[in-house]
There are 2 protein chains.
Amino acid sequence: MIACPKCSEVGAIMKAGYVRNKQRYVCKDCNYFFTLSDPDQTAPGKKNRRHQTTIIDIAKSIGVSNSTVSRALHGHADISPETRQAVLEMAAQMDYQPNQLAYNLVKSRTNTIGMIVPEFTNSFFPNVIIGAHEILTEAGYNLTIMQSNESYQVEVSNTRTMLANRIDGLLISLTQETNNYDHLQVFEKRGIPLVLFNRVCDHVEAPKVVVNDFDAAFTAVEHLILNGYERIAHLGGPLNLLVSRERLRGYRAAMEKYGKRVEENMVIQGMFSQQKARIYGKYLLDLENRPDAIFAVNDSSAIEIMLMALEKGIRIPDELGVVGFSDNPESAYIGPGLTTIRQPTGEIGKTTAQWILQLIDSEEEVNLPKQKVLKTELVVRGSSRRSKG
Amino acid sequence: MIACPKCSEVGAIMKAGYVRNKQRYVCKDCNYFFTLSDPDQTAPGKKNRRHQTTIIDIAKSIGVSNSTVSRALHGHADISPETRQAVLEMAAQMDYQPNQLAYNLVKSRTNTIGMIVPEFTNSFFPNVIIGAHEILTEAGYNLTIMQSNESYQVEVSNTRTMLANRIDGLLISLTQETNNYDHLQVFEKRGIPLVLFNRVCDHVEAPKVVVNDFDAAFTAVEHLILNGYERIAHLGGPLNLLVSRERLRGYRAAMEKYGKRVEENMVIQGMFSQQKARIYGKYLLDLENRPDAIFAVNDSSAIEIMLMALEKGIRIPDELGVVGFSDNPESAYIGPGLTTIRQPTGEIGKTTAQWILQLIDSEEEVNLPKQKVLKTELVVRGSSRRSKG
DNA sequence: AAAAGTATCGGGAACGTTTGCGGATACGTT
DNA sequence: AACGTATCCGCAAACGTTCCCGATACTTTT
């Protein structure tokens, strides 16, 4: 027979439906509803899960309160040297590791900066990461890196995750697909600092770290012109990205300055991908009146074109001049070396990181969103150095 | 006059010192000590800090309990369609973002995998990251990446941070300095899954993902021998790393098989750094009886040596054969292409990630620590293809 | 109509910290 | 005695979730 847990009555117990597939009873005497707990649940396994020592464990061990332990561990005042010593010793002995999750929850901060980059394959972003990483670790921050893989969808999903994980700030370089910026506006609304770098956009009120793309492109094209190239093609990036537009502007400005006609069928704006580079490269080289030089938006595209030209027996730099952008490691080694624009990758990372730290420290101060422009450098190698004439 | 907050007595109140610069009183009647709370503290500024909408806010807005909201948001049963709908709508309207920190705390899991790599500069680790990233995101996990910068101290610090942040599993490739493994044992003790890759070690009971370094080295050296090289030097990595030892073994085995004498002054074990490579390279090339081929532990060292040789006017591959390891991007493009060992970097990442997911799912099952060995491939290029004779 | 079953919801503990505020004691000074 | 000061420590409320137990109202069966 079943006894009522409340009035201990035995006779007046009746079934009263099910709850979560367990029989439910009611005692008609005291009108108390109840279910029977599984006896196999009361097995000796007290705490099945591996227990991590907590502040409370330490407190119990040496007979103080957990506030005291917390304060002792953090070197607060109001704790006697003896108590502090005892706490520290016990913590070491019990192999205490603080639970950052609990800390984060109560402090509403994570000491973590998020970083979203579109890709890892080129050397550019890894180098930016190294720079940012150095500054952030120095300041006691962690860096969580995600890659959007050049996909807008993934980028949005990444920002959501970052948001849910309550990062203290976000560093982001946009994908080539990104046209909508709602997912970034959220950070403004939430008051979470945000810094864009390299692949930036307008329409979002946040600091931006970029390089002087216009000048760089201008210099590159000017360099080609001064080396006697006339009909210079441009293989650019997607136009929704500011970098692409700036580089295009630089290209046009240089052409105009030196009175070169821009042949619009030799200006192509494409996606950043090896496959696309190959397609556009083939198109350019197969033109019946093909260009005598190409300024490409990045080194991998430039190299792709160089290889195709060499295959076709087109001599570089004599018959075709090539300039890339970014100075990838392989660019120095390919024969003839690829002339390119070196970007201060480490500096970009450092600057971005420093800026977000400032924003975090400046406690809601209304920092006018500004833009930092870092300087690039033209690295002249064989691919564009034509013996004059 | 001041009244006792406890007995409301007015006459028996006396001053009783200060606490935190505030006047303290005692009621002689009930012996109750107290201070007066500042009236200016009750200012209208309710919540100064920016408030993120929580589950509780939603609950209040539509008049249900937070348990209901939680269940509705997670698509649990026991919630009527109408309520669920109302909750979802209100959540969207209030722009609710779940607080992952609170979730993590209560669930004791973070859905985050940590990854510690020694460096970013070579293309190897970025590619491994790409592979691991793909698997992990697919499985709904985040990836937090840290770099130890080839420093043991930083590596230890990184593991501590990972531990404090309660990652669900760790993927790690050791630094070249790492000789002590206590910081990894902690993960075993805590029951946190751990997988080592590439730079692995013995002395730690965890799965390891490596490549067939011995075979690869053997094949590389054999290839040199078959191309007519006789006196082959080896520029290896630090011997505390298993990779270095395996590659050295492979080198020796190949030399022995073909009856070539290993000249011990031409076997150098150094650190992974460009500077060291330059020093050792100079040493090797300046030997009065210099080697006619070099098998290097990685491509950057190999390339460094190639450049030095070219400067000295040593012809490659005729006077000096060179084989590297890893197939960096630049290796395909340098002078005569660099013969090297291609590692399945993406596969390494994927395998490592898959394994840690298995460990997490397998709930404390005693998986015997095993080792997975992935296959490499010899990529023959110009630096070792000598016209026989 | 009583008994049994179903569907839907709420209360509240737990997760491990931090921290504001008050309590207790000890000792010195009027 | 009465009061002042300093030092050290504890209580308990957050932080935002999840989830175990129920509780309530209604429908269906006996």
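Residue numbers start from 1 in every chain, and the chains themselves are labelled A, B, ... in the order their sequence lines are given, proteins ahead of strands. Below, each value reflects all heavy atoms present in this structure, side chains not excepted, and no hydrogens, waters or symmetry copies. For clarity, every value in this text was computed on a predicted model and none was experimentally measured.
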ask   = What integer distance in Å separates B:N165:CG from C:dT17:P?
value = 13 Å
message = Could you go through A:T68 and A:S65, starting from their C-alpha distance and side-chain angles, then the distance that decides it, and tell me whether this counts as side-chain hydrogen bond (donor to acceptor under 3.5 Å, both in side chains)?
response = CA-CA 5 Å; A:T68 302; A:S65 77; 3.2 Å; yes
task = Have a look at B:T54 and say if it touches a base, only the backbone sugar-phosphate, or nothing, with a 4.0 Å heavy-atom cut-off.
result = sugar-phosphate
message = Could you work out, with side-chain hydrogen bond (donor to acceptor under 3.5 Å, both in side chains) as the rule, every residue matching A:N104, not counting sequence neighbours?
response = A:Q100
Do any N or O atoms of the protein come closer than 3.5 Å to N or O atoms of nucleotides 2-5 of chain C, and which pairs are they?
{"unit_1": "C:dA4", "atom_1": "OP2", "unit_2": "A:K15", "atom_2": "N", "d": "3.4"}
{"unit_1": "C:dA4", "atom_1": "OP2", "unit_2": "A:K15", "atom_2": "O", "d": "3.2"}

request  = Considering non-hydrogen atoms only, spot the tightest contact between B:L88 and B:A72 and give its length.
outcome  = CD2-O, 4.4 Å
task = Provide, to the nearest angstrom, the distance between the CZ atom belonging to B:R109 and the P atom belonging to C:dG16.
result = 16 Å
message = So that I know where these two stand, are A:Y152 and A:H183 an aromatic pair - ring centroids less than 6.0 Å apart?
response = yes
query = Which parts of residues 56-66 of chain A get close to DNA chain D, meaning a heavy atom less than 4.0 angstrom away?
reply = A:G63, A:V64, A:S65
note = Result for side chain to side chain contact (heavy atoms under 4.5 Å, CB included) between B:L143 and one of B:I167, B:I129, B:T137, B:T112 points to B:I129
request  = Compute whether any side-chain donor of one residue and acceptor of the other, for B:T178 and B:T175, lie under 3.5 angstrom apart.
outcome  = yes
ask   = Taking atom types as modelled and ignoring hydrogens, do the side chains of B:E89 and B:Q93 form a donor-acceptor contact shorter than 3.5 angstrom?
value = no
Pairing of B:D78 and B:R84 as salt bridge, 4.0 angstrom limit = no
query = How about B:S151 and B:S148: does a side-chain donor come under 3.5 Å of a side-chain acceptor?
reply = no
key: Shortest non-hydrogen contact from A:T110 toward A:N165   = CG2-O, 3.5 Å
inquiry  = Can you say whether a donor on the side chain of A:T68 sits under 3.5 Å from an acceptor on the base of D:dC8, or the other way round?
reply    = no
Over all atoms of both residues, closest heavy-atom pair of A:F187 and A:L170 = CZ-CD2, 3.6 Å
ask   = Do any of residues 88-106 of chain B sit with a heavy atom less than 4.0 Å from DNA chain C, and if so which?
value = B:L105, B:V106
message = With a 4.0 Å limit, can you tell me whether B:K107 has a side-chain N or O closer than that to the phosphate oxygens OP1/OP2 of C:dA14?
response = no
task = Whole angstrom is fine here: how far is it from CD1 in B:I55 over to C1' in C:dG12?
result = 15 Å
task = Verify the distance criterion only: is there a donor paired with an acceptor across the side chains of B:R160 and B:N158 at less than 3.5 Å?
result = no
key: DNA chain C contacts made by residues 71-86 of chain A, counting heavy atoms under 4.0 Å   = A:R71, A:H74
note = Bend of the helix from C:dA1-D:dT30 to C:dT30-D:dA1 from end-axis comparison, five pairs per end, nearest 10°, comes to 70°
request  = Could you tell me whether A:D95 and B:R190 make a salt bridge, using a distance below 4.0 angstrom between a side-chain N and a carboxylate O?
outcome  = yes
